[in-house]
Amino acid sequence: MKTIPILGELKTGTTQRHLIKLPGAALADDEPRPVISVAGAKSGPMLFVNAGVHGGEYPAVEAVIRLGKSLDPKKISGTVILMPVLNLPAFRTRTPFVCPVDNVNPNRVFPGDPTGSYSEQMTHALIKEFVVYADTYIDLHGGDIPEALVPFVICRSQDGLADSKARDVAERSKQMAMAFGLPYVLTVSKPIQPSKGSSSYAAAAEKGVPSILAEAGEVGQMHEDAVELLVKGVVNVMRHLGMLVGVKSQIPSSKSQGNSKSQTKTRARRAVDTGEASAAASTLLAKFEWVYTKNAGIWYPKVAAGDFVKEGEQIGTVGDLFGDTLEKIISPVNGVVLFLTINPSVLENGLLMGIGAKQD
Ligand SMILES: [Zn+2]
């Protein structure tokens with residue numbers, strides 16, 4: 001059976017709980033990270049799933065916990081390894097986007113550096129100790145504490161890849177992304193923000209591991225529909241990979257626990273209602289345009305996550321503390337608002353939203 005050395009021996013047909021100390025001098029004093037292994041009764045692929053690269057994306061964390069409690073190893077071909085929270089310092093302190101130890105966004109420094117800052121050592125450990133042993137990798141996210149979001153999956157595109165192996169990894173990643181079953185699938189060919197490293201899915205693909213990053217949930221809330229979308233998405237990918245042959249659905253749909261007015265709920269419900277393995281329901285996007293404010297001030301968006309916008313359309317304003325408008329924010333493309341900063345206070349060059357668009 002395939003294994004991951006840091007977890008020790010995995011027993012076929014069982015679910016095991018592990019508490020793992022990741023290597024790296026900067027991580028030496030960390031509390032151990034919970035990891036769950038679900039070693040299927042039959043042989044098959046190794047799937048690694050984590051959440052909590054960003055500390056305030058709670059439905060993703062809950063989805064991984066729920067998979068660990070729900071997946072029945074007796075019905076699985078292959079092995080599923082689950083890590084609910086990578087960025088524990090951010091989770092403990094409710095810090096959005098970055099790790100509070102070094103103020104670095106971990107999802108911009110993959111594949112990390114064993115001699116770098118805390119986040120670089122943490123991401124390096126994730127790739128070196130887990131991702132490279134996996135046949136496929138899923139990184140679960142959502143809108144962080146100040147972010148509204150419409151559910152989508154992102155992975156690397158084949159554009160610009162000459163090597164046939166790299167093209168194959170990109171194609172398999174896209175097939176996984178479509179199988180996940182969220183409303184939008186975005187394939188990208190380059191880092192979205194200039195930074196030292198790349199995102200988890202891109203770094204994993206570089207290592208030859210087909211991988212996707214799936215997002216559902218928003219604004220620091222535990223929206224039940226978002227949890228269900230992510231749980232079902234992973235199950236859909238497992239079925240796509242042949243890890244759940246003949247198993248209809250193992251994950252019971254749990255009752256909603258409030259948030260009945262949530263916009264996410266309505267949008268997510270639509271996605272859930274289209275059924276599992278709803279590959280045809282995903283709209284394919286190939287461009288991710290991020291919109292920033294030049295000025296610090298108060299942000300007044302005119303659009304919501306999930307809205308369609310047109311190139312040249314005014315999509316919000318940024319004002320000063322006297323109430324004067326400093327800047328009109330204009331959409332650079334025709335597309336859909338995939339995420340939106342909803343907190344009014346914005347900094348100079350602050351991120352306002354990300355718009356997904358089809359190819360030009
Ligand atoms: Zn995230």
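For ligands, and for the atoms within them, numbers begin at 1 and follow the listed sequence. Each residue takes its place number in the sequence, starting with 1.
- By the side-chain hydrogen bond (donor to acceptor under 3.5 Å, both in side chains) test, Arg94 is found to be paired with no residue, residues two or more places apart in sequence or in another chain being considered.
- Here 4 is the count of protein N, O or S atoms positioned under 2.8 Å from the Zn ion (ligand 1), waters not counted.
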Residues 145-160 side chain polar contacts: donor-acceptor under 3.5 Å, at least two apart:
| residue | atom | partner | partner atom | Å |
| --- | --- | --- | --- | --- |
| Glu147 | OE1 | Asp144 | N | 2.7 |
| Arg156 | NH1 | Glu206 | OE2 | 2.8 |
| Ser157 | OG | Asp159 | N | 3.2 |
| Gln158 | OE1 | Arg167 | NH2 | 3.2 |
| Gln158 | NE2 | Arg167 | O | 2.8 |

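- Once rounded to the nearest 0.5 Å, the distance linking CD1 of Ile298 with OG of Ser345 reads 8.0 Å.
- Between Trp290 and Tyr292, the ring-plane angle classifies as tilted under the 30° and 60° cut-offs.
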Which pairs would a plain distance check flag for residues 99-110, meaning a side-chain donor or acceptor within less than 3.5 Å of a matching protein atom at least two apart in sequence or in another chain?
| residue | atom | partner | partner atom | Å |
| --- | --- | --- | --- | --- |
| Asp102 | OD1 | Val104 | N | 3.1 |
| Asp102 | OD1 | Ser119 | OG | 3.0 |
| Asp102 | OD2 | Ser117 | OG | 2.8 |
| Asp102 | OD2 | Tyr118 | N | 3.3 |
| Asp102 | OD2 | Ser119 | N | 2.6 |
| Asp102 | OD2 | Ser119 | OG | 3.1 |
| Asn105 | OD1 | His54 | NE2 | 2.8 |
| Asn105 | OD1 | Asn107 | N | 2.9 |
| Asn107 | OD1 | Ser200 | N | 2.9 |
| Arg108 | NE | Gln193 | OE1 | 2.6 |
| Arg108 | NH2 | Gln193 | OE1 | 3.4 |

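- In this model, no donor atom of one side chain and acceptor atom of the other lie less than 3.5 Å apart for Thr293 and Asn295.
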